Amino acid sequence: MELNLTKAKEFYYQMLLIRRFEEKCIELYSKQKIGGFLHLYIGEEAIAVGVMNALSEDDAVLATYREHGQALARGISAKSIMAELFGKMEGCSRGRGGSMHLFDAKTRFYGGSAIVAGALPLAVGMALADKMQNKNRVTVCIFGDGAVAEGEFHESLNLAALWKLPILFVCENNRYAMGTALKLTESETEIYKKAASYKIHSKQVDGMSVIDVAKASKRAVEDIRENGEPIFLECLTYRFRAHSMFDAELYREKAEVKEWKEKGPLVVFEEKLKEMGLWSEIDVQEIENEIASVIDEAVEFAENGTLEPIKDLEKFVYSEVNHG
Amino acid sequence: MDNIITYREAVRESIRKAMQEDERVFLMGEDVGHYGGCFAVSKGLLDEFTDKRIIDTPLSESAFTGAGIGAAMNGMRPIVEIMTVNFSLLALDQIMNNAATLLYMSGGQFNVPLVIRMATGGGKQLGAQHSHSLEGWFAHIPGLKVLTPATVQDAYDMLTLALADPDPVLIFENSLLYNSKGSLDTKVTPLAIGKAQVYKEGKDITILTYGINLFKVLEAVESLEKEGIAVEVIDLRSLRPLDDETIMKSIKKTHKVIIVDEGWKSGSISAEIMARINEQAFYELDTPMARVCTVEVPLPFAKHLEDEALPHAKKIVDVVKKVMGVS
């Protein structure tokens with residue numbers, strides 16, 4: 001994958017949009033405009049942007065409760081995501097899901113799942129359906145390192161490999177399952193090796209480098225489309241913020257956080273673009289201004305959104321069709 | 001066209017018909033293919049439909065149930081067979097956190113037209129881990145529909161109804177019923193999901209039941225009728241939704257009711273039904289309601305103990321007489 005100026009601007013814009021969106025969420029959460037849980041993606045932006053770049057419109061995405069970044073990078077509007085966080089009807093899940101459950105049929109974004117590893121079996125089924133219907137589509141399933149400890153991870157990887165299903169598994173290894181380090185919970189901390197043991201082609205990628213993630217994803221998606229078999233990418237990354245807004249971060253040293261911030265995705269990308277001589281062509285202030293207005297509009301849209309009438313509380317427990 | 005077949009054959013014929021008529025339908029589960037189904041329900045289907053549509057799975061209840069949900073969301077009409085309800089606990093995350101919630105959480109965007117069939121019930125000396133009757137438990141969950149076919153006709157019809165439904169439907173087949181015989185009319189319009197059936201009319205007392213206990217009730221009714229007690233027997237058929245209308249209508253007629261349920265009493269579907277009767281028909285009752293449930297023990301292996309733990313005809317007779325005030 002060649003990185004030209006247009007693509008460089010696009011990647012920088014998307015990563016910065018996610019960063020600024022998340023920062024706005026912190027502000028709105030402290031003002032109690034956003035309720036519930038809030039899991040921020042700051043530090044991990046390169047993965048969402050790099051992976052989504054490899055997909056076509058027809059492909060499907062399943063993510064976790066830390067999915068604002070993937071949703072934005074997939075093309076769900078900041079407006080409908082923010083409205084969702086405000087619990088408004090104009091939200092991408094009609095205010096029924098919230099931060100952890102963003103859904104969007106238009107971009108084939110199947111959530112936002114808040115049970116760790118709970119979406120992996122769904123990805124198996126989505127891909128199985130594509131295979132049975134002879135649809136040349138890819139299902140991308142994104143999850144964290146915590147998922148690796150769950151049985152559903154192993155059951156799903158086995159099925160994906162056994163049945164030769166077109167799935168791109170993306171593990172965002174940010175080194176902590178909530179507040180417990182991977183090394184305290186796993187006998188094998190090289191996660192990609194676990195996937196390899198199921199005979200899935202797997203690879204470790206620098207999750208702080210959007211270029212590396214984009215390259216690996218593009219190659220993987222092309223291979224999956226060609227061979228119909230699953231691929232597993234372990235993206236090494238780091239969460240700059242706490243697990244959620246309730247986390248006092250007792251489990252990691254400030255020095256470690258600082259060290260990772262110095263190799264954060266925006267920093268690394270800027271350095272790379274400087275090396276390539278592209279950085280001077282990018283007007284950061286212009287991008288900042290554009291993002292600021294997108295976020296302002298999103299917040300205004302969410303503020304002005306509608307609260308679903310109480311009479312509709314029970315709507316969509318079941319489908320609205322007469323099938324008697 | 002009426003013919004006498006077994007419950008097992010009725011389920012198999014229903015699966016076969018669905019697969020012939022709709023190429024989106026497939027069957028997936030443990031031992032459904034080469035083994036022919038743990039209870040031989042799917043015997044022969046592998047040869048007819050190939051391993052593309054009759055899919056043997058590893059012992060990964062959570063993954064293949066979740067795969068059923070994913071496939072249902074993506075254009076297919078899967079039938080997932082979980083060998084028995086006991087193992088469904090390993091798939092409970094997928095059933096409860098995904099199948100039941102996705103339509104609602106997505107604001108109506110993604111429905112899950114999935115059918116999950118599983119064998120249920122005790123009575124075969126299989127011990128505490130293989131004898132559960134948890135259908136009432138699943139009926140607690142909004143977003144699911146829970147069906148309990150008792151008759152051969154319903155064994156056939158309910159699968160058809162479930163596959164036509166846009167939302168997840170769980171079908172509980174009591175494993176002791178697979179060899180039972182009954183008549184099947186494939187031309188009759190099935191009684192819809194959520195409709196109970198007045199199996200037998202009577203004026204003195206109503207017995208509400210479902211699944212295999214329908215037959216224990218009928219056995220009890222035979223001896224009660226000899227003593228001049230006319231029992232109205234209602235086969236609930238669907239535990240979620242429950243058919244409140246049919247239940248209350250019968251109580252308005254008989255003014256007395258007992259419930260026979262293989263679940264344990266505490267927090268059971270029978271408790272729920274009593275609560276509804278209390279809410280909707282309290283003043284129609286002449287006497288307090290009563291019920292026959294499984295004794296609150298993990299089911300024992302020893303036959304005499306297990307027989308006594310489960311509902312049986314004599315217990316039903318005794319409870320009816322008590323409610324009727326006769327001895």
Side-chain angles (χ1 to χ4, degrees), chain A residues 60 62 84 89 91-98 100-106 108 110-115 117-130 132-133 135 137 139 150-160 162-163 165 308 314-321 323-324, chain B residues 23-24 26 28 52-53 55 57-78 80 90-91 93-94 96-114 141-145 161 164-168 191-195 241:
Chain A
L62 295 115
E84 186 60 33
M89 254 177 96
C92 58
S93 309
R94 205 186 162 90
R96 297 288 186 77
M100 301 195 287
H101 304 298
L102 304 175
F103 287 84
D104 182 50
K106 218 165 49 244
R108 303 199 72 226
Y110 288 83
S113 175
I115 303 295
L120 277 92
L122 301 186
V124 168
M126 301 268 309
L128 176 65
D130 281 339
M132 291 175 116
Q133 296 169 105
K135 290 183 174 167
R137 309 196 286 200
T139 298
E150 296 282 2
E152 288 182 327
F153 171 89
H154 299 274
E155 293 184 11
S156 300
L157 259 56
N158 177 50
L159 284 181
L162 180 74
W163 292 345
L165 301 177
E308 186 166 13
E314 291 174 77
K315 199 177 164 118
F316 300 130
V317 175
Y318 298 100
S319 296
E320 289 186 318
V321 286
H323 48 83
Chain B
E23 63 181 19
R24 299 173 303 171
F26 68 99
M28 168 165 66
K52 300 268 181 283
R53 297 178 72 195
I55 304 176
T57 65
L59 311 188
S60 303
E61 287 81 3
S62 198
F64 70 73
T65 302
I69 298 167
M73 281 200 295
N74 200 14
M76 301 300 285
R77 290 290 180 276
V80 166
L90 293 160
D93 169 48
Q94 289 300 326
M96 192 158 181
N97 279 318
N98 283 336
T101 62
L102 281 161
L103 179 68
Y104 194 86
M105 280 199 307
S106 68
Q109 292 179 88
F110 298 116
N111 65 308
V112 181
L114 169 68
I141 307 168
L144 302 179
K145 293 177 184 176
L161 291 167
D165 199 280
D167 299 313
L191 193 55
I193 289 176
K195 295 282 179 203

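Every chain is numbered from 1, with letters handed out A, B, ... down the list of sequences. From a predicted model like this one, the values you see are computed outputs, not experimental measurements.
When every heavy atom of A:G118 is checked against every heavy atom of B:Q94, the shortest pair comes out as O-NE2, 2.9 Å. When every heavy atom of A:D104 is checked against every heavy atom of B:Q109, the shortest pair comes out as CA-OE1, 3.4 Å. Between A:Y318 and B:L144 the shortest heavy-atom distance is OH-O, 2.5 Å. Between B:N74 and A:Q133, the shortest heavy-atom distance links the atoms O-NE2, 2.8 Å. Contact record, A:L159 with B:F64: CD1-N, 4.2 Å, taken as the closest heavy-atom pair. Between A:A129 and B:M76, the shortest heavy-atom distance links the atoms CB-CG, 3.5 Å.
Atom CZ of B:F26 is separated from atom CG of A:L128 by 5.0 Å, given to the nearest 0.5 angstrom. Interatomic distance, B:K52 NZ to A:M132 CE, rounded to the nearest 0.5 Å: 9.0 Å. A distance of 11.0 Å separates NE2 in A:H101 from OG in B:S106, rounded to the nearest 0.5 Å. Annotation: the span from B:S62 atom OG to A:L120 atom CG amounts to 10.0 Å, rounded to 0.5 Å. One distance of note links CZ of A:R94 with OH of B:Y104; it measures 9.5 Å at 0.5 Å rounding.
At a threshold of 4.5 Å between non-hydrogen side-chain atoms, the residues A:P121 and B:I69 do not count as touching.
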Working note: A:Y110 + B:L102, criterion side chain to side chain contact (heavy atoms under 4.5 Å, CB included); need CA distance, chi angles, decisive distance, verdict.
CA-CA 9 Å; A:Y110 288 83; B:L102 281 161; over 6 Å; no
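Comparing A:A105, A:A123, A:S156, A:G97 by heavy-atom pairs within less than 4.5 Å of chain B, the highest count is held by A:A105.
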